[in-house]
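Comments concern the structure below.
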Amino acid sequence: MAGFKTVYICSSCEYTSPKWMGKCPKCGSWNTFVEDVQETSASSSAPKRTSVIHSGDSRAQEFSRLESPQYIRSATGLSELDRVLGGGLVSGSAVLISGEPGIGKSTLLLQICDTLGASYKVLYVSGEESSGQLKLRAERLRVSGENLYILTETNIENILSEAKKIKPDVIIADSVQTMYSDAISSSPGSISNVKEVAMAFIGKAKTEGISVILVGHVNKEGGIAGPKVLEHMVDAVLSFEGDKRQSYRIIRANKNRFGSTNEIGVFEMTDIGLRQVENPSEMLLADRPTDVSGNCAVCTMEGTRPIVAEIQALVTPTAFPAPRRTSNGIDYNRTCLILAVLEKRLGLKFSSSDVYLNVIGGLQIDEPASDLGIAMALISSLTDKKIPDTLIAIGEIGLAGECRGVSNIEQRVREAARLGFKEALLPLHNAQSCPDVRGIKIYPVKNIYDILKYLKNDTKKGEF
Ligand code: TYD
Ligand code: MG
């Protein structure tokens, strides 16, 4: 006879336990166990064997004879999003968009309905907002709503039967956490429900060639609420990030089976929806403080695009036995590494100071090419010597204090020149190979002793 039992499932690796545990014995994550209800009948304990690929042929095929599939990519009307998707929305693909509540996921998806609606039938399934709310929002966003169907429903069986009648080309499910299946007895948002709902949508995408966009909320720790398996099942996982206090939003691909995961798309939230920012460097450099110590411009590559950002450092005498290290937008371990190199190789005393590092504009920089700029900003703040506003520093720093070459140097220098920078500190190797770029003077840096030399002579205006 069928019955129900309460189990606890790790939201990271799906390890199941009859009791709640603080740490998962399988994957070692902390606080990931969530309560779930499972059926205890013999039939339900057998694993469900569902395939989302449906090749229909279980014989192995010779690789050289396989035909390469032709992916149909559709422009969404937001080129920033298209680039992150790898050149547009691929038909028959399942994309998961995750982000904190209120970041702008529903706004973004309603906006793309306008362009997609020009050539495709779009079904927008909302489990969070009423059709009236969506109508009002669409009017504000100036979405015409041509070919757009709104369904406010949370039961997956009802959604699929409605989809059968409408026959859409694109389905948007906002959000998977609000939807549930009759086959699962636990509440909506539980791991088994999220998985079942996602499987149903993905199955539909793969069998009927429909593009499915799933919206997923992130939990407090920043992970997508629900099992990690959701990320394995979909073709692309995009995360929508940004500081809610600021108007800028960044979308990046954490996984993409149809393109690179390096690209980012930048948007600004306005009163009429999201506006694309095609020139993020200009946005990041707007209102940059001038004539203060501790600031240095760097150039980081986000996929194929060079982005110039400003690093700010503040080094102050500490009042604590263990000095504070805070880094916002820069990897904490990288910050510690650069501080250790500066301390050991240049003899600069950071150990008696608190260090605060920040990237202006909320950008997350994880490329080592910004090491030199970070080091410059730190030294500038410690010694209170200013770095000229027209200077940009590009290069990676090694543990011996050497300055290592970075890729795409010409592109980076050109972007800096376009934005009005006049001097560029480059690794020696790059400085030798970089062609002349009009308006910018290149200074080679072999190791970090060189930057000290440049900063010392900083007193002569504009010249080193
Ligand atoms: P929303 O898309 O509902 O976020 P999510 O679906 O990720 O939860 O939008 C969130 C915020 O965006 C909301 O607080 C209001 C703001 N917003 C604007 O500033 N301008 C607009 O045109 C719209 C539609 C929303
Ligand atoms: Mg929403």
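Just so you know, ligand 1 is whichever comes first in the structure, and atom 1 is the first atom listed for that ligand.
Considering each of D271, V215, T270, the one bringing a non-hydrogen atom nearest atom 20 (N) of ligand 1 is T270. Considering each of M269, E128, E100, the one bringing a non-hydrogen atom nearest atom 17 (N) of ligand 1 is M269. Proximity annotation for atom 5 (P) of ligand 1: of G102, S175, S126, G102 comes nearest, heavy atoms only.
Between K5 and D36, no side-chain nitrogen of the basic residue sits less than 4.0 Å from a carboxylate oxygen of the acidic one, so the salt-bridge criterion is not met. Using a cutoff of 4.0 Å between basic side-chain nitrogens and carboxylate oxygens, D371 and R334 are scored as salt-bridged.
At under 3.5 Å, not a single nitrogen or oxygen of H217, backbone or side chain, sits near a nitrogen or oxygen of ligand 1. The shortest N/O to N/O separation between T107 and ligand 1 falls below 3.5 Å.
For residues 359-369, the side-chain hydrogen bond (donor to acceptor under 3.5 Å, both in side chains) pairs, not counting sequence neighbours, are T300-E367, E367-R412.
Ligand-side atoms of ligand 1 in range of P101: 8 (O), range being under 4.0 angstrom from any heavy atom. Close contacts of ligand 1 with I272, meaning ligand atoms under 4.0 Å from a residue heavy atom, involve 22 (O). For ligand 1, the atoms lying closer than 4.0 Å to a non-hydrogen atom of L141 are 22 (O), 24 (C).
Of the protein's non-hydrogen atoms, G104 N, 3.1 Å is the one closest to atom 4 (O) of ligand 1. Closest protein heavy atom to atom 21 (C) of ligand 1: R140 NH1, 3.4 Å. In this structure, the protein non-hydrogen atom closest to atom 3 (O) of ligand 1 is R137 NH2, 2.9 Å. Considering only non-hydrogen protein atoms, atom 6 (O) of ligand 1 sits nearest to S106 OG, 2.6 Å.
Side-chain N or O atoms of E146 include none that pairs as donor or acceptor with a backbone N or O of S119 at under 3.5 Å.
Within the protein, the number of N/O/S atoms found under 2.8 Å from the Mg ion (ligand 2) is 1.
Rounding to the nearest 0.5 angstrom, the gap separating the CG atom in L160 from the NZ atom in K165 is 12.0 Å. One finds the OG1 atom of T270 at 5.0 Å from the CD1 atom of I272 (value rounded to the nearest 0.5 Å). Here CG of L238 is found 11.5 Å from CZ of R252. Values are rounded to the nearest 0.5 Å.
Of the residues listed (E263, E80, E278), the one engaging R305 in a salt bridge (charged side-chain N to carboxylate O under 4.0 Å, His left out) is E80, and it is the only one. A side chain to side chain contact (heavy atoms under 4.5 Å, CB included) with V170 is found for one member of L89, I210, V212 and no other, namely L89.
In this structure, A417 and I440 approach most closely via the heavy-atom pair N-CD1, 4.0 Å. Residues M21 and F33 come closest through the heavy atom pair O-CD1, 3.2 Å.
Atom 15 (C) of ligand 1 is never approached by the protein to below 4.0 angstrom, counting heavy atoms only.
Considering only heavy atoms from C-beta on, F258 stays 4.5 Å or farther from L85 through its side chain.
The neighbour count for R257 CZ, taken as heavy atoms of other residues, nucleotides or ligands under 6.0 Å away, is above 12.
Judged by the shortest distance from any of its heavy atoms, G273 lies inside the 4.0 Å radius around the atoms of ligand 1.
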